[in-house]
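Residue numbering restarts at 1 for every chain, and letters A, B, ... go by the order of the sequence lines.
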2 protein chains.
Amino acid sequence: MGPLQIKEILQTAPESQAVTVKGWVRTKRESKNAIFIALNDGSTIHNIQAVAEPGQFSAELLLTVTTGACLKIEGQLVASQGSGQAVEVKINDILVYGAADVDAYPLQPKKHSLEFLREIAHLRPRTNTFSAILRIRHALAFAVHQYYNDNGFFYLHTPVITASDAEGAGEMFRVTTLDLNNLPRTEEGAINFKEDFFGREANLTVSGQLEGELGAMALSKIYTFGPTFRAENSNTTRHLAEFWMIEPEMAFFELEDNMNLAEDFVKKVITYALENCKDDLNFLQNRLAEEEKNKPQNERSIPLLEKLSFVVDNPFERLTYTEAIDILLKSKPHKEKKFQYPVGWGIDLSSEHERYLVEKHFKRPVILTNYPREIKSFYMKLDEDGKTVRAMDVLFPGIGEIIGGSQREDNYEKLLERVNEVGIDPQTIWWYLETRKFGTAPHSGFGLGFERLVQFVTGMGNIRDVIPFPRYPKSAEF
Amino acid sequence: MGPLQIKEILQTAPESQAVTVKGWVRTKRESKNAIFIALNDGSTIHNIQAVAEPGQFSAELLLTVTTGACLKIEGQLVASQGSGQAVEVKINDILVYGAADVDAYPLQPKKHSLEFLREIAHLRPRTNTFSAILRIRHALAFAVHQYYNDNGFFYLHTPVITASDAEGAGEMFRVTTLDLNNLPRTEEGAINFKEDFFGREANLTVSGQLEGELGAMALSKIYTFGPTFRAENSNTTRHLAEFWMIEPEMAFFELEDNMNLAEDFVKKVITYALENCKDDLNFLQNRLAEEEKNKPQNERSIPLLEKLSFVVDNPFERLTYTEAIDILLKSKPHKEKKFQYPVGWGIDLSSEHERYLVEKHFKRPVILTNYPREIKSFYMKLDEDGKTVRAMDVLFPGIGEIIGGSQREDNYEKLLERVNEVGIDPQTIWWYLETRKFGTAPHSGFGLGFERLVQFVTGMGNIRDVIPFPRYPKSAEF
């Protein structure tokens with residue numbers, strides 16, 4: 001559909017055939033014998049080189065052919081004389097769709113900081129780094145849909161606006177149409193949310209899991225892939241106020257099936273990127289090496305492609321939380337009091353502990369299971385000992401927790417007890433509880449933060465750089 | 001991944017092999033010679049029949065095997081004696097995962113109204129109708145991703161929370177973390193939104209188009225597929241407060257390319273459903289016929305599959321708005337004053353006009369183009385005559401507008417003029433305007449309301465029945 005793209009033209013055998021190329025100027029270079037224009041249309045990281053003779057075009061026209069200008073070039077596709085490309089375009093005609101004033105256009109061909117590019121997020125997809133990230137993000141998203149479709153899962157659109165606050169995963173954004181300058185009041189003087197759009201208080205969802213479970217208890221295997229929200233005032237490189245989450249839920253899956261799915265899923269999706277995004281991954285691998293070239297050797301990351309292949313090729317280490325605590329207690333950093341936070345059964349593992357397990361001890365992704373019930377959510381299935389729950393966290397090098405999941409509590413009484421224990425009003429999730437009343441079944445699921453995955457695959461350090469228009473405290477531009 | 005599902009088991013050759021079936025009881029029937037249990041796991045519209053001998057199981061156990069109960073059945077897969085299925089399971093063992101009390105479980109095997117089922121949206125996916133709809137919804141969503149991926153588009157996640165109100169497509173939901181009982185004030189006494197989460201007023205997006213265009217002006221071809229929101233207080237069968245929209249945006253596409261894409265896209269996606277959802281479509285075709293059986297012959301819909309094949313097999317009629325007005329002015333209902341709303345150049349076509357064109361005059365989908373500028377959005381490209389814009393609406397039988405799009409205004413001055421004309425502060429969309437300043441290019445795009453498409457393909461009359469958990473005025477349950 002539509003005109004031939006540069007990606008396709010670059011793969012075409014040059015036979016001096018007529019060709020039309022449309023795209024944005026990356027660079028223009030003039031030598032004694034020729035004018036070289038590097039054009040990019042975002043279909044690939046590679047530019048196409050178009051060549052004109054000196055004097056073939058007016059100086060006036062050539063003045064508008066600057067970095068960022070959009071051109072239509074007609075010419076012939078010929079074998080390239082230079083190195084670096086197999087084909088190039090011998091220009092017959094140039095149409096400038098739109099110029100880009102050299103003094104005003106911020107994306108001149110020089111190195112820009114990621115911080116600066118974040119301020120011009122409307123233009124940064126025109127850089128090699130961000131176009132590569134966005135193409136990889138697309139490939140990963142497609143791989144997710146393909147994986148679940150191939151495996152008999154149904155994509156379930158769970159609601160974004162929700163009146164339930166049950167997941168308790170963090171602070172929520174309020175959604176309202178009330179006039180804040182003229183709030184309706186009850187006779188008692190409280191805000192009257194019955195007059196709000198939904199007739200009650202409403203928020204942006206923090207997870208589609210609870211509704212996802214409703215789907216699984218009818219269709220057996222479902223997944224969600226949609227935006228989720230956290231109103232946490234955290235300005236870190238790991239958190240966004242709006243991010244995309246993938247949450248499969250499966251009837252008849254117990255904890256081990258859940259682990260098998262999580263490991264297979266994440267490996268297949270990364271494999272897809274390795275097979276379909278070679279050029280972009282190579283570019284980002286070099287970018288990362290360049291970024292780290294001033295670091296001491298032992299602090300540099302392993303090359304991106306090597307890291308991804310390693311994850312795909314090796315089984316994840318599986319062990320219980322209790323076993324992990326034992327390893328940490330016997331570890332050198334614990335004995336030498338090098339950990340910042342204390343280690344002991346019952347603690348919520350901190351990032352330094354997770355990194356020790358993944359990066360130092362096992363040197364591979366780790367799946368930790370059977371966490372203490374106190375540090376996990378109410379909906380996780382209690383183990384027989386009553387102390388731990390059938391949780392599983394998948395920990396990745398550099399990223400930490402990339403997947404969190406569990407077998408779900410399928411016993412109505414036990415679930416209700418936990419709901420009350422954590423202080424949720426059972427009335428607000430009557431529909432969730434009813435799935436345990438009517439035809440309950442063992443079932444499991446997990447959540448994967450999509451941006452964490454994109455970070456891992458692209459090697460980008462800041463989560464704000466792997467989503468087109470990041471949302472975080474004090475920032476909702478674009 | 002996971003246990004074998006009923007869909008797969010039903011396609012397996014019966015050789016008395018051991019088989020385990022897990023699912024929910026649809027019906028149980030006891031005869032003198034046998035007990036028949038129809039089990040469904042949501043993987044297909046078809047149940048699997050499991051057969052036990054009278055006396056093989058205790059009366060106590062069989063009392064818990066009722067509609068809605070969840071079972072694990074172990075047995076042998078054998079050729080079925082009865083008609084209606086090729087294979088069945090000869091039961092060796094039954095495990096009841098979860099019973100469903102006959103007096104409490106609302107989904108007993110009888111006819112339920114769609115209104116009643118909406119009140120138990122947590123359970124309705126367990127019905128044939130809703131499981132069929134959700135499987136088709138999944139197939140259509142997958143087909144969308146596959147289509148764009150195959151055609152070189154990149155999936156762009158545009159933001160849900162936005163500070164720009166530029167699209168002007170309708171009322172918006174406010175997103176806030178301010179304490180409504182203690183609103184921060186400026187010195188002048190106004191609400192101080194600088195203290196809100198994003199440091200400014202923020203809303204839920206009504207469209208990803210503007211951000212989509214930013215993507216297209218870098219990557220050439222992008223599409224969005226995400227939730228969008230309208231805070232309109234309309235209780236109709238055609239509107240939701242939260243719905244999913246697909247919005248492709250393409251650099252270097254003019255109006256005709258845009259029409260070609262829209263027609264090809266919607267045909268391919270429907271073809272995918274026809275090829276992959278035969279059983280579910282057949283079921284829904286029969287459902288619709290049953291629903292309409294008391295209507296007079298001439299008011300009944302054409303059979304669902306026939307309607308879908310017709311759309312796929314025939315070219316859409318393309319004409320300008322001006323030509324459409326001419327046809328309406330010459331039409332019988334106009335001459336006989338049967339239209340409720342007057343016809344004349346400049347009007348916003350109403351549903352009765354669109355239906356006349358699609359269902360009576362052309363008897364096929366219609367693409368109307370070049371609408372008067374006054375009734376279309378500011379971002380649509382002005383035609384040379386200055387009176388019309390390069391808009392296109394795709395109109396479908398029964399549904400009306402299913403796609404709305406246009407070539408976008410790519411001229412900075414003309415766009416700015418329109419922005420000012422409609423009263424948008426250019427400062428709020430500086431980033432959008434800049435794409436016309438730096439390397440502007442002809443480009444186009446459109447939006448398709450996903451639920452409208454699902455309605456068309458499933459034949460469901462109410463949009464609340466084609467999304468798992470609908471959001472509308474006074475309703476945000478589940």
Look at the side chain of [X] and the backbone N and O of [Y], then say whether any donor-acceptor pair between them is shorter than 3.5 Å.
X	Y	answer
A:R471	B:P159	no
B:S220	A:D41	yes
B:R174	A:L178	no
A:K474	B:R200	no
A:E211	B:F469	no

How are the rings of [X] and [Y] set to each other: parallel, tilted or perpendicular (split at 30° and 60°)?
X	Y	result
A:H145	B:H145	parallel
B:F478	A:W430	tilted
B:W244	A:H157	tilted
A:W24	B:F252	tilted

Contact summary for [X] and [Y], nearest pair of heavy atoms:
X	Y	answer
A:R185	B:N181	NH1-OD1, 3.9 Å
A:G152	B:Q5	O-OE1, 3.9 Å
A:P106	B:F438	CD-CE1, 4.1 Å
A:P227	B:P227	CG-CG, 3.7 Å
A:R135	B:L219	NH1-CD2, 4.2 Å
B:H122	A:L214	CB-CD1, 3.6 Å

Under 4.5 Å heavy-atom distance to chain B, tell me which part of [X] shows up: side chain, backbone, both or neither.
X	value
A:F193	side chain
A:K7	neither
A:S43	backbone
A:R137	side chain
A:L204	side chain
A:L123	side chain
A:K437	backbone
A:E434	side chain
A:P470	neither
A:F142	side chain
A:S131	both
A:A441	both
A:F229	side chain
A:A104	both

Among the listed options [options], the residue most often paired with chain A at heavy-atom distances under 4.5 Å:
options	answer
B:E8, B:M217, B:M250, B:E213	B:M217
B:F265, B:F197, B:F154	B:F197
B:D101, B:V160, B:N411	B:V160
B:L107, B:N151, B:N233, B:T176	B:T176
B:F198, B:Y105, B:Y148	B:F198
B:G439, B:C70, B:A139, B:P473	B:G439

Among [options], residue most engaged with chain B (heavy-atom pairs, under 4.5 Å):
options	answer
A:L183, A:T44, A:I191, A:D410	A:I191
A:K22, A:K221, A:E242	A:E242
A:F130, A:F153, A:F450, A:Y155	A:Y155

Requested in this report: Could you please spell out the steps behind the ring-ring contact (aromatic ring centres under 6.0 Å, His included) verdict for A:F225 and B:F225?
Outcome: CA-CA 11 Å; A:F225 187 174; B:F225 188 173; over 10 Å; no
Chain A contact via [X] - which portion, at a heavy-atom distance below 4.5 Å:
X	answer
B:E451	neither
B:K72	neither
B:D257	neither

Requested in this report: Taking the six-membered ring for Trp and the full ring for Phe, Tyr or His, determine whether the centres of A:F173 and B:F173 are under 6.0 Å apart.
Outcome: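 Distance test on ring centres: not under 6.0 Å, no.
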**Report entry** All side chain to side chain contact (heavy atoms under 4.5 Å, CB included) counterparts of A:P125, not counting sequence neighbours
**Finding:**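 Residues passing side chain to side chain contact (heavy atoms under 4.5 Å, CB included) with A:P125: A:L134, B:A218.
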Requested in this report: Supply the atom-to-atom distance B:D196 CG to A:L180 CG, rounded to the nearest 0.5 angstrom.
Outcome: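 Going from CG on B:D196 over to CG on A:L180, the span is 8.5 Å.
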